[in-house]
Amino acid sequence: MLVLLAGIFVVHIATVIMLFVCTIANVWVVSNVGNASVGLWKNCTNTFCSETLSYASEDALKTVQAFMILSIIFSAISLLVFVFQLFTMEKGNRFFLSGATMLVCWLCVLVGVSIYTNRYANSYGTNYQWQYHHGYSYILAWICFCFSFIIGILYLVLRKK
Ligand SMILES: *[C@@H]1O[C@H](CO)[C@@H](O)[C@H](O)[C@H]1NC(C)=O
């Protein structure tokens, strides 16, 4: 029981870190030509990141940014609530509040990554339509999608011993 809780705690911290990293790292789609990549904020070439994403002003991108930031916030809140409940909650209760908050985080990742996949994940930019692959940020985001769901459900199911 304690081992399980400790395991979830570690995976939860990892999920918060991965969400943070994948949101700020501009490596969602990588060009096969050179080391260039694009993310949620910038278009990066070999040596530097310029500000100019060709679709920077589109509402869809701003929505993805907003939902990824929300997902970081909710996963962090859920972690704090879990620690708080660990010390204050009566034995036998479920970690309902942290579970519910983590599932909200899961929904945010779901919306953000779905919109990104639909609109942006399938091209690097105008000049390189076919020469791209998904970067580690994009993969991390989908891993977080799975982890946040599993963590959320486990919190709802587990009782404090
Ligand atoms: C990123 O920069 C490259 C090179 O300037 C350009 O071809 C590409 O269209 C840009 N991608 C985006 C999404 O702005």
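Position 1 is the first residue of the sequence; numbering continues from there. Predicted, not measured: the structure shown is a model, and the values here were computed from it.
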### side chain to side chain donor-acceptor pair (under 3.5 Å) partners of Thr88, counting only residues at least two apart
none
### Message
Once side chain to side chain donor-acceptor pair (under 3.5 Å) is applied, do any residues pair with Thr117, and if so which ones, sequence neighbours excluded?
### Response
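Thr117 satisfies side chain to side chain donor-acceptor pair (under 3.5 Å) with Tyr138 once adjacent residues are dropped.
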### Matching residue for Phe82 among Ile77, Leu5, Thr101 - test: side chain to side chain contact (heavy atoms under 4.5 Å, CB included)
Leu5
Answer with yes or no whether the hydrophobic clustering places [X] together with [Y]; edges join I, L, V, M, F, W, Y residues whose side-chain heavy atoms lie under 4.5 Å apart.
| X | Y | answer |
| --- | --- | --- |
| Leu80 | Ile72 | no |
| Leu154 | Leu86 | yes |
| Val11 | Ile8 | yes |

Which value, rounded to the nearest 0.5 Å, describes the distance between [X] atom [atom1] and [Y] atom [atom2]?
| X | Y | atom1 | atom2 | result |
| --- | --- | --- | --- | --- |
| Ile17 | Ser75 | CD1 | OG | 10.0 Å |
| Ser31 | Tyr132 | OG | OH | 11.5 Å |
| Met18 | Trp142 | CE | CH2 | 14.5 Å |
| Phe74 | Leu103 | CZ | CG | 12.0 Å |
| Leu158 | Ile151 | CG | CD1 | 11.5 Å |
| Ile73 | Ser78 | CD1 | OG | 13.5 Å |

### Summary
Residues pairing under side chain to side chain donor-acceptor pair (under 3.5 Å) where one sits in residues 18-27, two or more places apart or in two chains, turn out to be none
#### Entry: disulfide (SG to SG under 2.5 Å) contacts touching residues 131-161 (sequence neighbours left out)
none
### Where at least one partner belongs to residues 1-26, residue pairs that pass salt bridge (Lys or Arg N to Asp or Glu O under 4.0 Å), sequence neighbours excluded
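Checked against salt bridge (Lys or Arg N to Asp or Glu O under 4.0 Å) - neighbours excluded - no pair reaches residues 1-26.
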Heavy-atom closest pair, residues [X] and [Y]:
| X | Y | value |
| --- | --- | --- |
| Tyr124 | Ala36 | OH-CB, 3.0 Å |
| Leu140 | Cys22 | CB-CB, 3.9 Å |
| Ala56 | Lys62 | O-CE, 4.1 Å |
| Ser137 | Val21 | OG-O, 4.4 Å |
| Ala25 | Tyr136 | CB-OH, 3.4 Å |
| Val30 | Gly135 | CG2-CA, 3.7 Å |

### Summary
Applied to residues 11-42, the ring-ring contact (aromatic ring centres under 6.0 Å, His included) test, sequence neighbours excluded, yields His12-Tyr155, Trp28-Tyr116
Using side-chain contact (heavy atoms from CB on, under 4.5 Å) as the criterion, list what pairs up with [X], not counting sequence neighbours.
| X | answer |
| --- | --- |
| Phe87 | Val83 |
| Glu58 | Tyr55, Arg119, Tyr120 |
| Val109 | Leu19, Ser71, Cys105, Val113, Phe145 |
| Cys49 | Lys42, Cys44 |

### Message
His133: which residues meet the ring pair (Phe, Tyr, Trp, His ring centres under 6.0 Å) condition with it, sequence neighbours left out?
### Response
none
### Query
Would you say Ser50's side chain and Asn43's backbone share a donor-acceptor pair under 3.5 angstrom?
yes
Please tabulate, one pair per line, all N/O donor-acceptor pairs under 3.5 Å involving side-chain atoms of residues 89-100, not counting sequence neighbours.
residue	atom	partner	partner atom	Å
Arg94	NE	Leu156	O	3.3
Arg94	NE	Val157	O	3.2
Ser98	OG	Gln85	OE1	3.0
Ser98	OG	Phe95	O	3.4

